[in-house]
Structures are given as C-alpha cells and as structure tokens.
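Below is one structure; the comments refer to it alone.
As the structure is a computational prediction, the values presented were derived from the model and not from experiment.
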Amino acid sequence: MLKFFDLIGRYLLLMTKVFSRPEKMRIYRRRFLHEMDSLGMNSIGIVAIISVFMGAVITLQMSLNFESPFIPKDLIGYATRESIVLEFSSTVVALILAGKVGSNIASEIGTMRITEQIDALEIMGVNPAGYLILPKIVSAVVFFPFLTILSIGIGIGGGYFVARFTDIMLVEDYIEGINYSFNSFYITYALVKAAVFAFLITSISGFYGFYAQGNSLEVGRASTKAVVSSSIAILLFNLILTKLMLT
C-alpha cells in the first residue's frame, strides 16, 4: 500500500513539473505539431481498420440477438449505434491506443533517460518533464476526440456494409435504426471520455518512461507497466465518468 501511495505521489509531483510555465513557447509549438503527427495521425490507420470490423461484428451479433419476428429489425441499427457511440469508439479504442501510443511514449522517454539525454536537458536549464511530456499530453487530448468521431463514423459504416451486402436485414431498416431516438449528449460524453483517456495514457506512459532506470530491459519493463497501468486507469475512469455523466 505504501508503495502505491509513493507511486501516486511521484506521479503528481511529475505533473506539477510538466505543467509548469514553459521556457520558450515557440519550441513547444513545434513539438506540439510533431507529436500531433506522431501520436495522432499515425494512429488513424489502426483506428479505422479496427472500427470498420468492429462495427460489422456488432451488427452481426445484434442481428443474432434480435432474431425474433416480434422485434423490429431497425433495432439492430439502433443498438449498433448506441454500442459504438457509448462504449466502443471511446473506451475500447482508448485501450487499443494505450498499447500503441502508451508503449511508444514510455519507450521513447525511457530510452532518453538511460542514455542520459534527460540529464543533458537539465544541465542546459530545460525542464525535461515539460519539454518531453507536455506536448504529448496536449496533442493527444486535442487529437483523440477526433479519432473518436472518426471511429464512430467508420464503425457505423461497417455496420452499413454488413446490412448492404448480407441478408440479415434491409439497408432501410438499418438507416432507420441509426436515426432513431438520437441523443446528441452521447457524443459529448464520448468526446469527454476520449480527452480524459488521452490525458491518462500520455501522462502515465510519460511517468513510467521518465523514471526508467538501468538498461534497455528496464525500458521494456517500463513500457509494459505503462500499458497495464494506463488500461486500468481507463477502465476506472470509464466507470467514474459514466456514473457522473449518464446517471
């Protein structure tokens, strides 16, 4: 238990350094654009591929659950939309990005730590925590909601593909279900979760990378810890945000 509180304390102290006043905003702007491309643009492909297949699978599964002739077929589209918007495109995509983005951040910063590049930044009078971690946090918080919107659109498109090229239901029924009783607040809920999860992934991964010690094996261990801890934090805050925003 003491080790857990020590970990939380070190994390909070690091965050105070991360969000301290930057030395030169011009340098941070350049790094922000670089991280936007590295963490955001490079994740579009995997998000798109996973979303289209998951949208198709969810539609197929819903059709199996709604096989009764007494259940309207348009409920398949409705249930697919709700599943994608409320949970899949925010939480599940965030868990996937925790593996891709989180391990990347922890490995990058951890390698800089063991090769003493972070020590060199401190000698030069640069705040290494802010310089290395803050641009990653800001770029992810800005870009991950866009990935969520992209995932929602592609996921629903994957369901449309199944309805269009299989005989499980009519395309018209699917579209009617997609448009049925739409609550725009659910989009806000998904975007808020995406931004919170983006912060958790980048800050936790940056923390484990920043305090990596030893050799290259320790960098690998730090990367593993970053992914596991980020995933647990995502599931915990998913519960908290759902309770606060939907109940």
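Contact check for Leu14 versus Tyr11: no side-chain heavy atoms found under the 4.5 Å cut-off. Under the 4.5 Å side-chain criterion, counting only non-hydrogen atoms from C-beta, Ile114 is not in contact with Asn215. Two residues are said to be in side-chain contact when any heavy atoms from C-beta on lie closer than 4.5 Å; Leu97 and Val47 meet this criterion. Side-chain atoms of Lys73 and Leu170, non-hydrogen and from C-beta on, never get closer than 4.5 Å to each other. With a 4.5 Å cut-off on side-chain heavy atoms, Ser63 and Met169 do not count as touching. For the pair Leu150/Ser51, no side-chain contact is recorded, criterion being any heavy-atom separation below 4.5 Å from C-beta on. Proximity of Lys17 to Pro128: side-chain heavy atoms (C-beta onward) are nowhere separated by under 4.5 Å. Proximity of Val93 to Phe144: side-chain heavy atoms (C-beta onward) are nowhere separated by under 4.5 Å.
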*Give the C-alpha distance, both sets of side-chain angles, the deciding distance and a yes or no for side-chain contact (heavy atoms from CB on, under 4.5 Å) between Val101 and Ser43.*
CA-CA 8 Å; Val101 174; Ser43 300; 3.8 Å; yes

*Test Asn104 against Lys100 for side-chain contact (heavy atoms from CB on, under 4.5 Å), laying out the working first.*
CA-CA 6 Å; Asn104 187 313; Lys100 179 185 182 297; 5.6 Å; no

_Chi angles and distances behind the salt bridge (Lys or Arg N to Asp or Glu O under 4.0 Å) call for Glu35, Arg30_ = CA-CA 9 Å; Glu35 298 297 347; Arg30 288 203 300 266; over 6 Å; no

*Full working for side-chain contact (heavy atoms from CB on, under 4.5 Å) between Thr224 and Arg221*: CA-CA 5 Å; Thr224 301; Arg221 293 191 182 99; 5.6 Å; no

_Intermediate values then yes/no, side-chain contact (heavy atoms from CB on, under 4.5 Å), Leu134 and Phe19_ = CA-CA 7 Å; Leu134 182 60; Phe19 289 99; 3.6 Å; yes

*asked:* As a quick check of understanding, evaluate salt bridge (Lys or Arg N to Asp or Glu O under 4.0 Å) for Glu108 and Lys136, giving each step before the final call.
replied: CA-CA 12 Å; Glu108 176 187 340; Lys136 298 181 188 299; 3.1 Å; yes

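Interatomic distance, CE of Met54 versus CD1 of Ile50, reported as 9.0 Å (0.5 Å rounding). To the nearest 0.5 angstrom, Glu87 atom CD is 6.0 Å from Thr242 atom OG1. Rounded to the nearest 0.5 angstrom, Leu60 CG and Asn65 CG are separated by 11.5 Å. Atom CD1 in Ile118 sits 12.5 Å away from atom CD1 in Ile123 (nearest 0.5 Å). The line from NZ of Lys243 to CG of Leu246 is 10.5 Å long, rounded to the nearest 0.5 Å. Ser184 OG to Tyr186 OH: the interatomic distance, rounded to the nearest 0.5 Å, is 10.5 Å.
In this structure, Ser230 contributes its side chain and Val227 its backbone to no donor-acceptor pair below 3.5 Å. A distance-only check finds no donor-acceptor pair linking the side chain of Ser38 to the backbone of His34 [under 3.5 Å]. A donor-acceptor pair under 3.5 Å is formed between the side chain of Arg31 and the backbone N or O of Tyr131. Distance alone, capped at 3.5 Å, places no donor-acceptor pair between the Arg81 side chain and the Ile76 backbone. Checking side-chain atoms of Ser151 against main-chain N and O of Leu147 turns up no donor-acceptor pair under 3.5 Å. Judged by distance alone, with hydrogens and angles left aside, the side-chain atoms of Ser89 form no donor-acceptor pair with the main-chain N or O of Val85 at under 3.5 Å. Between the side chain of Asn179 and the backbone N or O of Ile175, at least one donor-acceptor pair lies under 3.5 Å. Between the side chain of Thr91 and the backbone N or O of Phe88, no donor-acceptor pair lies under 3.5 Å.
When the side chains of ILVMFWY residues are joined at heavy-atom separations under 4.5 Å, either directly or via intervening members, Val57 and Val162 end up in two distinct hydrophobic clusters. Follow the hydrophobic side-chain contacts under 4.5 Å out from Leu200 and you reach Ile105 in the same cluster. Note on Tyr174 and Phe165: separate hydrophobic clusters, where clusters join Ile, Leu, Val, Met, Phe, Trp and Tyr whose side-chain heavy atoms are under 4.5 Å apart, directly or indirectly.
Aromatic rings of Phe143 and Phe146 (six-membered ring for Trp) have centroids within the 6.0 Å cut-off, being under it.
The number of heavy-atom neighbours closer than 6.0 Å to CZ of Phe182, taken from other residues, nucleotides and ligands shown, is above 12. The number of heavy atoms from other shown groups lying within 6.0 Å of CZ (Phe161) does not exceed 12. Shown here is Gln213, whose CD atom has no more than 12 heavy atoms of other residues, nucleotides or ligands within 6.0 Å. Other residues, nucleotides and ligands contribute only 12 or fewer heavy atoms inside 6.0 Å of the CZ atom of Phe53. The local environment of CZ in Phe4 is sparse, with at most 12 non-hydrogen atoms from other residues, nucleotides or ligands closer than 6.0 Å. Other residues, nucleotides and ligands place more than 12 heavy atoms under 6.0 Å from the CE atom of Met245.
When all heavy atoms of Tyr189 and Leu241 are compared, the closest pair comes out as CE1-O, 4.1 Å.
Each of Ile232, Leu244, Val196 was checked for a side chain to side chain contact (heavy atoms under 4.5 Å, CB included) with Phe237, and the lone residue meeting it is Val196. Across Ser229, Ser223, Ser107, a single residue satisfies side chain to side chain donor-acceptor pair (under 3.5 Å) together with Tyr208, and that is Ser229.
Cation-pi contact between Arg10 and Tyr211: present, with separation from the ring centre below 6.0 Å and deviation from the ring axis of at most 45°.
A donor-acceptor contact closer than 3.5 angstrom is absent between the side chains of Asn127 and Glu122.
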